[in-house]
Participant: 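Quick one: this structure, given as C-alpha cells, is what I'll be asking you about.
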Amino acid sequence: MFEAEVQSLFLGGVVLVILFELIFSVLVLRKAPGVKKAMIGHVVCLLIAFFCLGYMLFWPQILPDGGTADRSGQFALFGIFWFIGECCGVAAVINALSSGKKSRKPEPTGSV
C-alpha cells in the first residue's frame, strides 16, 4: 500500500511534532503554571490521534474474504482526538497570555 520509507517518515514526523509540543508546553508552563492540565490534555490527545491515524494507515486488518476492514471509525477517532487536543492547546495559550497580562504590575506615575 505504501512505500517502505513512509512508515519511518510518519513515525519520525510524529516524534518531531510531539517533541516540539513538549518543549512548547514546558515554555508555556514556566510563564503560566495554571495551564498545566490543558497542556497535558493537548499532548495526550495528540498522541492518541496520531496513534489512531498510524494504526489506520499502516496496520490494515485482513478480513476472512481477503478484503481489508473499513477504517472509518479509526479516522473519526483521529479527528475527534485531534480536535479536542487543539482546543486544549488553544485554551492553554489563551489562559497563559491572559494570566501574563494580569500579573504585570502597573507603572508608577511619578506624581505624589
Side-chain angles (χ1 to χ4, degrees):
M1 186 161 134
F2 291 107
E3 294 178 14
E5 304 87 26
V6 173
Q7 190 170 5
S8 59
L9 287 173
F10 176 79
L11 184 59
V14 167
V15 168
L16 283 175
V17 167
I18 295 299
L19 282 175
F20 173 78
E21 293 291 337
L22 289 173
I23 291 168
F24 181 75
S25 297
V26 168
L27 294 174
V28 167
L29 289 175
R30 249 189 228 172
K31 294 188 180 213
V35 298
K36 185 177 185 178
K37 288 181 183 176
M39 290 307 289
I40 290 172
H42 172 68
V43 173
V44 168
C45 283
L46 277 183
L47 281 170
I48 294 170
F50 283 137
F51 175 79
C52 290
L53 184 63
Y55 186 76
M56 179 189 74
L57 291 175
F58 300 114
W59 292 281
Q61 290 178 328
I62 306 299
L63 298 175
D65 65 358
T68 57
D70 182 24
R71 294 298 183 113
S72 312
Q74 235 96 42
F75 191 66
L77 284 175
F78 161 73
I80 290 168
F81 279 105
W82 178 81
F83 179 74
I84 292 170
E86 294 307 310
C87 288
C88 289
V90 168
V93 170
I94 289 172
N95 288 337
L97 291 175
S98 66
S99 69
K101 289 179 183 177
K102 291 177 188 174
S103 66
R104 292 184 185 162
K105 295 180 183 176
E107 296 286 330
T109 57
S111 60
V112 178

Participant: Are Val15 and Leu9 connected in the hydrophobic side-chain network, where two residues link if heavy atoms are under 4.5 Å apart?
Facilitator: no

Participant: Look at the side-chain heavy atoms of Ile, Leu, Val, Met, Phe, Trp and Tyr, link any pair under 4.5 Å apart, and say whether Leu47 and Trp82 land in one connected group.
Facilitator: yes

Participant: Measuring from atom OG of Ser98 to atom CD1 of Ile94, what distance do you get when rounded to the nearest 0.5 angstrom?
Facilitator: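 Ser98 OG to Ile94 CD1: 8.5 Å, rounded to 0.5 Å.
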
Participant: By the definition side chain to side chain contact (heavy atoms under 4.5 Å, CB included), identify the one residue from Val90, Asn95, Leu97 that meets it with Val93.
Facilitator: Leu97

Participant: Indicate the atoms forming the closest heavy-atom contact of Gly85 with Cys45, along with that distance.
Facilitator: CA-CB, 3.5 Å

Participant: Can you name the closest pair of heavy atoms from Met39 and Phe24 and give their distance?
Facilitator: CE-CD2, 3.8 Å

Participant: Report the distance from atom CG of Leu57 to atom SG of Cys52, rounding to the nearest 0.5 Å.
Facilitator: 11.0 Å

Participant: Would you compute the distance between atom CZ of Phe51 and atom CG of Leu53 and round it to the nearest 0.5 angstrom?
Facilitator: 11.0 Å

Participant: Take the angle between the ring planes of Phe78 and Phe50 and call it parallel below 30°, perpendicular above 60°, tilted in between.
Facilitator: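 Ring orientation of Phe78 relative to Phe50: tilted.
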
Participant: Applying the 4.5 Å side-chain criterion to the ILVMFWY set and letting contacts propagate, would Trp59 and Met56 be lumped into a single cluster?
Facilitator: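 Trp59 and Met56: one cluster.
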
Participant: Do you reckon Leu11 sits in the same ILVMFWY cluster as Phe81, going by side-chain contacts under 4.5 Å, direct or chained?
Facilitator: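 No; tracing contacts between hydrophobic side chains, which count when under 4.5 Å, never links both residues.
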
Participant: Let me confirm one number: the NZ-CD1 distance from Lys37 to Ile40, rounded to the nearest 0.5 Å.
Facilitator: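 It comes to 9.5 Å.
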
Participant: Looking at CG of Leu22 and CG of Leu27, how far apart are the two atoms once the value is rounded to the nearest 0.5 Å?
Facilitator: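 That separation rounds to 11.0 Å.
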
Participant: Do you know the tightest heavy-atom contact between Ala38 and Ala92?
Facilitator: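 Where Ala38 meets Ala92 most closely, the heavy atoms are CB-CB, 3.7 Å.
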
Participant: Between Ala96 and Val35, what is the shortest heavy-atom contact and its length?
Facilitator: N-CG1, 3.8 Å

Participant: Does Val44 share a hydrophobic cluster with Leu46, counting links as ILVMFWY side-chain heavy atoms below 4.5 Å and allowing steps through other members?
Facilitator: no

